[in-house]
Amino acid sequence: MTYLLTGGAGFIGSHTVDALLARGARVRVFDNLSTGRRENLPAHPALELMVGDIRDADAVARAMDGVTHVLHLAAQVSVAASVDAPCDSASHNLTGFLTVLDAARRAGVRRLVYASSAAVYGTPARLPIDETTPAAPLSPYGLEKLVNDQYAQLFGALYGLSTLGVRYFNVYGPRQDPRSPYSGVISIFCDRLRGGEPLTLHGDGRQTRDFIYVGDVARANVAALDATLTGVCNVATGHSTSLLDLAATLGAVSGRAPALRFGPPRAGDIRDSAADNQRLVTALGVTGFAPLADGLRRLWDAAA
Ligand code: NAD
Ligand code: UD1
């Protein structure tokens, strides 16, 4: 088996590289190093890094050489940036996506798993969100991921390509950049707490999210590559936590009582997010998600 990971030098990608290498696979990373970093990747004889852009069809075709499985993670990952610059976002997330999909089909790869997102659901009419919940994206980013799902399903019907879109909820863990304005709340909170700064809660702090540890996401990715399930699959723990509880748990884990500051709610925020992860558990066999306190401890210790 040879695995191609686009975006493999990034946050989720590099943890998945570690999981694949640990079981003896050959791995090729294809990444333009825009947000990803070489330092995220280990020096390993079974790992190769190709620096290139997913919008470059020739480079993507070369990257597919000898590949049996593709995990496509490379993307413009910021919701806010997609609102500011929708054409640029679409060039990565639509043109780039299609370039990878078509190259995989032409190369005859056995299986392609790609990153979709909980962003496709927008503000759902009911909770918890399962994969039959109607999509209603609120941003160009969410719409791009939804179109990815539709293209992938069409490629299955037209060419027999076996694909699965993994819809990540709120992923956290080591190697997530806390300094970007688009960082996830957990990496921001950890960074601020370590620096002795107060944590800012946008709104009353009672909004909820399904936070999943990146190591569990890496396990889900590997299971998705191994499986034959097609369509889309939520990747989440099935448990939601409020930001107030998150801050309290982080305080307990770090041994530092966080100072909380309350600001206005963030424009466009959804209030509650709660995932139904039964497809992940039953169809992909992924269980044993890290409790939030355990994941936070690993993140806190990794940054020490
Ligand atoms: P990340 O920024 O760490 O990873 C993205 C990687 O893609 C980076 O290594 C970057 O250098 C690379 N890349 C970007 N544009 C590229 C291009 N045009 N050509 C080649 N490489 C390119 O972000 P991440 O959190 O690891 O996200 C991975 C995937 O998961 C993305 O598709 C993202 O949309 C999706 N996702 C993430 C979350 C989350 O909570 N982190 C939630 C839902 C979906
Ligand atoms: C996350 C994803 C987004 C995806 C969406 C799908 C990240 C960075 N973003 O958005 O790509 O579309 O899930 O459900 O993972 N908050 C604070 N203080 C802070 C930072 C954030 O109170 O300093 C709040 C936010 O207002 C929000 C919550 O924390 O209510 C979570 O924010 P964030 O981590 O940015 O993720 P989502 O907005 O859920």
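Ligands are counted one by one from 1 in listed order, and the atoms in each one are counted from 1 as well. The model shown is predicted, which means the values in this text are computed figures rather than measured ones.
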Taking only non-hydrogen atoms of Thr200 and a 4.0 Å limit, the atoms of ligand 2 in range are 17 (C), 18 (N), 19 (C), 22 (O), 23 (O)
For Tyr159, does the six-membered ring have the charged nitrogen or CZ of Arg105 within the cation-pi criterion, i.e. under 6.0 angstrom from the centroid and within 45° of the normal?
yes
Heavy-atom side-chain proximity of Pro124 to Leu127 below 4.5 angstrom
yes
If we count only N and O atoms by modelled type, under 3.5 Å, do the side chains of Ser273 and Arg209 hold a donor and an acceptor together?
no
Considering only protein heavy atoms, which is closest to atom 29 (O) of ligand 2, and at what distance to one decimal place?
Leu243 CD1, 3.2 Å
Write out the residue and atom name of the closest protein heavy atom to atom 32 (O) of ligand 2, then the distance separating them to 0.1 Å.
Arg266 NH2, 3.5 Å
For ligand 1, run through the N/O pairs with the protein that fall under 3.5 Å and put one pair on each line.
unit_1: ligand 1; atom_1: 2 (O); unit_2: Thr35; atom_2: OG1; d: 2.6
unit_1: ligand 1; atom_1: 3 (O); unit_2: Phe11; atom_2: N; d: 2.8
unit_1: ligand 1; atom_1: 9 (O); unit_2: Gly10; atom_2: N; d: 3.1
unit_1: ligand 1; atom_1: 9 (O); unit_2: Asp31; atom_2: OD1; d: 3.3
unit_1: ligand 1; atom_1: 9 (O); unit_2: Asp31; atom_2: OD2; d: 2.5
unit_1: ligand 1; atom_1: 9 (O); unit_2: Gly36; atom_2: N; d: 3.2
unit_1: ligand 1; atom_1: 11 (O); unit_2: Asp31; atom_2: OD1; d: 2.7
unit_1: ligand 1; atom_1: 11 (O); unit_2: Asn32; atom_2: OD1; d: 3.4
unit_1: ligand 1; atom_1: 11 (O); unit_2: Ser34; atom_2: N; d: 3.1
unit_1: ligand 1; atom_1: 11 (O); unit_2: Ser34; atom_2: OG; d: 3.3
unit_1: ligand 1; atom_1: 11 (O); unit_2: Thr35; atom_2: N; d: 3.1
unit_1: ligand 1; atom_1: 11 (O); unit_2: Gly36; atom_2: N; d: 2.9
unit_1: ligand 1; atom_1: 13 (N); unit_2: Asn32; atom_2: OD1; d: 3.3
unit_1: ligand 1; atom_1: 18 (N); unit_2: Asp53; atom_2: OD1; d: 3.1
unit_1: ligand 1; atom_1: 18 (N); unit_2: Asp53; atom_2: OD2; d: 3.4
unit_1: ligand 1; atom_1: 18 (N); unit_2: His92; atom_2: ND1; d: 2.9
unit_1: ligand 1; atom_1: 19 (N); unit_2: Ile54; atom_2: N; d: 3.0
unit_1: ligand 1; atom_1: 21 (N); unit_2: Asn32; atom_2: N; d: 3.1
unit_1: ligand 1; atom_1: 21 (N); unit_2: Asn32; atom_2: OD1; d: 3.3
unit_1: ligand 1; atom_1: 26 (O); unit_2: Phe11; atom_2: N; d: 3.4
unit_1: ligand 1; atom_1: 26 (O); unit_2: Ile12; atom_2: N; d: 2.8
unit_1: ligand 1; atom_1: 32 (O); unit_2: Leu73; atom_2: O; d: 2.8
unit_1: ligand 1; atom_1: 32 (O); unit_2: Lys145; atom_2: NZ; d: 2.9
unit_1: ligand 1; atom_1: 34 (O); unit_2: Tyr141; atom_2: OH; d: 2.6
unit_1: ligand 1; atom_1: 34 (O); unit_2: Lys145; atom_2: NZ; d: 3.1
unit_1: ligand 1; atom_1: 40 (O); unit_2: Val171; atom_2: N; d: 3.2

Residue, atom name and distance, where the atom is the protein heavy atom closest to atom 22 (O) of ligand 2
His202 N, 2.8 Å
Any donor-acceptor N or O pair under 3.5 Å, side chains Ser162, Arg111:
yes
With a 3.5 Å cut-off and no angle check, do the side chains of Arg175 and Ser14 form a donor-acceptor pair?
yes
Report the member of Arg209, Lys145, Gln176, Arg271 with the shortest heavy-atom distance to atom 31 (C) of ligand 2.
Arg209
Please state whether the rings of Phe211 and Tyr172 are parallel, tilted or perpendicular, taking 30° and 60° as the class boundaries.
perpendicular
Closest protein heavy atom to atom 12 (O) of ligand 2, given as residue, atom name and distance to 0.1 Å
Ala119 CB, 3.0 Å
I'd like to know if atom 19 (C) of ligand 2 has any protein heavy atom within a distance of less than 4.0 Å.
yes
Atom CZ of Arg194 with >12 non-hydrogen neighbours under 6.0 angstrom:
yes
Do Leu71 and Tyr151 belong to the same hydrophobic cluster, where Ile, Leu, Val, Met, Phe, Trp and Tyr are linked whenever their side-chain heavy atoms lie under 4.5 Å apart, directly or via other members?
no
N/O to N/O below 3.5 Å, does that happen between Ser273 and ligand 2?
no
For atom 8 (C) of ligand 2, the closest protein heavy atom turns out to be Tyr182 O, 3.3 Å
Polar contact flag for Val185 and ligand 2 (N/O pairs, less than 3.5 Å)
yes
Which option wins on minimum heavy-atom distance to atom 27 (C) of ligand 2: Asp272, Leu201, Asp269?
Asp269
Heavy atoms of the protein only: does one fall short of 4.0 Å from atom 37 (P) of ligand 2?
yes
Do Thr133 and Arg126 have side-chain heavy atoms sitting under 4.5 Å apart?
yes
Quick one about Glu144 and Ser89 (side-chain donor to acceptor, distance below 3.5 Å, no hydrogens or angles considered), yes or no?
yes
Under the side chain to side chain contact (heavy atoms under 4.5 Å, CB included) rule, collect the residues that match up with Thr237, sequence neighbours excluded.
Asp210, Ile212, His239, Phe289
Just wondering, do Val109 and Thr68 contact through their side chains at under 4.5 Å, heavy atoms?
no
Atoms of ligand 2 under 4.0 Å from any heavy atom of Ile188, numbered from 1 in the order shown, are 23 (O)
Exercise: do Arg26 and Thr2 side chains pair donor with acceptor under 3.5 Å:
yes
Applying salt bridge (Lys or Arg N to Asp or Glu O under 4.0 Å) to Asp216 and Arg219, what does each step give before you reach the verdict?
CA-CA 5 Å; Asp216 292 334; Arg219 286 194 299 122; 3.0 Å; yes
Under 4.0 Å between heavy atoms, the region of Ser183 that gets near ligand 2 turns out to be backbone
Taking non-hydrogen atoms only, is Val171 closer than 4.0 angstrom to ligand 2 via side chain, backbone, both or neither?
neither
Will you find, in the side chains of Asp149 and Tyr114, an N or O donor that is under 3.5 Å from an N or O acceptor?
yes
Of the protein's non-hydrogen atoms, which lies at the shortest distance from atom 11 (O) of ligand 2, and what is that distance?
Val79 CG2, 3.6 Å
Of the protein's non-hydrogen atoms, which lies at the shortest distance from atom 2 (C) of ligand 2, and what is that distance?
Asn170 ND2, 4.6 Å
Within ligand 2, which atoms have a heavy atom of Gly184 less than 4.0 Å away?
8 (C), 34 (O)
When distances are taken from atom 14 (O) of ligand 2, the protein heavy atom at minimum range is Ala118 CB, 3.6 Å
